[in-house]
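Since the structure comes first, as structure tokens, the remarks are kept for the end.
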Amino acid sequence: MRASGRVACDASEMVDEHGKVAGHGTVVVVEDDHHIADLIDLYLRNAGFRVLQAETGERGLELVAAEHPSLVVLDLGLPGNLDGIEVCREMRRAGDVPIIIVTARDDELDRVLGLELGADDYLTKPFSPRELVARVRAVLRRYEQGAKSSDQPIEVGQVVVDTQRREVRANGVEVALTAREFDLLAHFVLNTGIVYSRRQLLDSVWGDGWIGDERTVDVHVRQLRRKLGDALPLATVWGVGYRCD
Ligand code: CA
């Protein structure tokens, strides 16, 4: 995938001479609705992925076995003998390919979460294709971070985060963070491009069931901005939450 004339940005992304960020790897999209499958296909291709479509669970399993994709986007409502839940279980039994599950409704999502299928992320329809691409990148980035044998730091903006040593540098200068500030920052840099609500950040960083005021998040974000300044590309998305780019 590393064509000449391109500059390596990091392990998960490439930037070509036009500054367009390209992903790499193959994504299998298991979805029987052609319109949705083609839309996902288009956006993932534009992001630099090779895309293979499967209309049924059986075909999806075949493609995963034959092509060893980087990731699977799996719709739960599938025709044929295998529904998405069974397909997910089968893929988990067969290996550790990252899986993003797409569900039709919020109530279905609640039920699916209870099954603990081991998927890496979940999206409820309708979703924006851009959001899906951001999720795909985030899941792959997490996998690559986890797979790296060396403790390679993550670079976002002018901030370098070393999650192994729990050290942070902004513009090359080491910055002291509290444990919670560090955990929040690590969550942002591992999930760039995704908008998180304050509630989601509390669940992910402070822990599920943490009872507290959502303004706690704002306080910590303010501290991160004070300590890291413009080095950290962290945007406030009004009415929603925060997004790190
Ligand atoms: Ca479907």
Side-chain angles (χ1 to χ4, degrees), residues 12 21-144 191-197 199-200 203-204 208 240-241 243:
S12 65
V21 176
H24 64 88
T26 299
V27 177
V28 167
V29 177
V30 189
E31 166 66 85
D32 59 305
D33 184 319
H34 288 287
H35 295 293
I36 295 174
D38 287 346
L39 193 63
I40 294 174
D41 195 314
L42 176 71
Y43 273 78
L44 285 174
R45 275 177 205 277
N46 281 342
F49 293 95
R50 173 175 172 246
V51 182
L52 300 170
Q53 291 190 25
E55 286 179 38
T56 64
E58 287 87 344
R59 181 74 187 131
L61 288 171
E62 281 171 19
L63 282 176
V64 168
E67 300 283 342
H68 304 290
S70 305
L71 185 140
V72 176
V73 176
L74 175 63
D75 180 41
L76 280 194
L78 294 169
N81 296 323
L82 286 177
D83 71 8
I85 287 168
E86 288 164 297
V87 173
C88 187
R89 288 206 171 110
E90 192 51 47
M91 284 178 184
R92 272 286 157 272
R93 258 198 297 273
D96 61 353
V97 63
I99 301 170
I100 296 179
I101 281 185
V102 176
T103 70
R105 306 175 306 271
D106 269 332
D107 56 335
E108 184 179 67
L109 178 60
D110 288 341
R111 191 172 60 82
V112 167
L113 287 174
L115 293 174
E116 296 179 0
L117 293 170
D120 297 276
D121 206 351
Y122 299 85
L123 270 177
T124 305
K125 289 179 183 176
F127 55 84
S128 98
R130 276 176 215 282
E131 175 73 9
L132 176 68
V133 171
R135 302 280 189 114
V136 167
R137 285 202 172 118
V139 168
L140 289 176
R141 188 185 276 260
R142 281 204 295 273
Y143 264 73
E144 283 176 13
N191 298 282
T192 51
I194 299 177
V195 181
Y196 286 98
S197 70
R199 186 69 249 171
Q200 287 170 325
D203 286 344
S204 298
D208 275 327
V240 188
R243 184 192 65 232

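Read the numbers this way: they start at 1 and go in the same order the structure lists the ligands and their atoms.
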Can you check salt bridge (charged side-chain N to carboxylate O under 4.0 Å, His left out) on Arg92 and Asp120, steps first, answer last?
-> CA-CA 11 Å; Arg92 272 286 157 272; Asp120 297 276; 3.2 Å; yes
Shortest non-hydrogen contact from Pro69 toward Thr26: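 Result for this residue pair: CB-O, 3.4 Å.
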By residue and atom, what protein N/O/S atoms are less than 3.0 Å from the Ca ion (ligand 1)?
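Per the 3.0 Å query on the Ca ion (ligand 1), atoms found are Asp32 OD1, Asp75 OD2, Gly77 O.
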**The single option from Leu52, Leu71, Ile40 passing side-chain contact (heavy atoms from CB on, under 4.5 Å) against Val29** =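 When side-chain contact (heavy atoms from CB on, under 4.5 Å) is applied between Val29 and each of Leu52, Leu71, Ile40, only Ile40 qualifies.
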Between Gln53 and Asp38, does the side chain to side chain contact (heavy atoms under 4.5 Å, CB included) criterion hold? Intermediate values first, please. CA-CA 9 Å; Gln53 291 190 25; Asp38 287 346; 3.1 Å; yes
_Assess whether a salt bridge exists between Glu90 and Arg93, defined as any Lys/Arg side-chain N lying under 4.0 Å from an Asp/Glu carboxylate O._
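Here Glu90 pairs with Arg93 in a salt bridge, since their nearest N and O are under 4.0 Å apart.
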Ser197 backbone acceptor or donor facing Gln200 side chain under 3.5 Å:
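Yes, because the side chain of Gln200 sits within donor-acceptor range (under 3.5 Å) of the backbone of Ser197.
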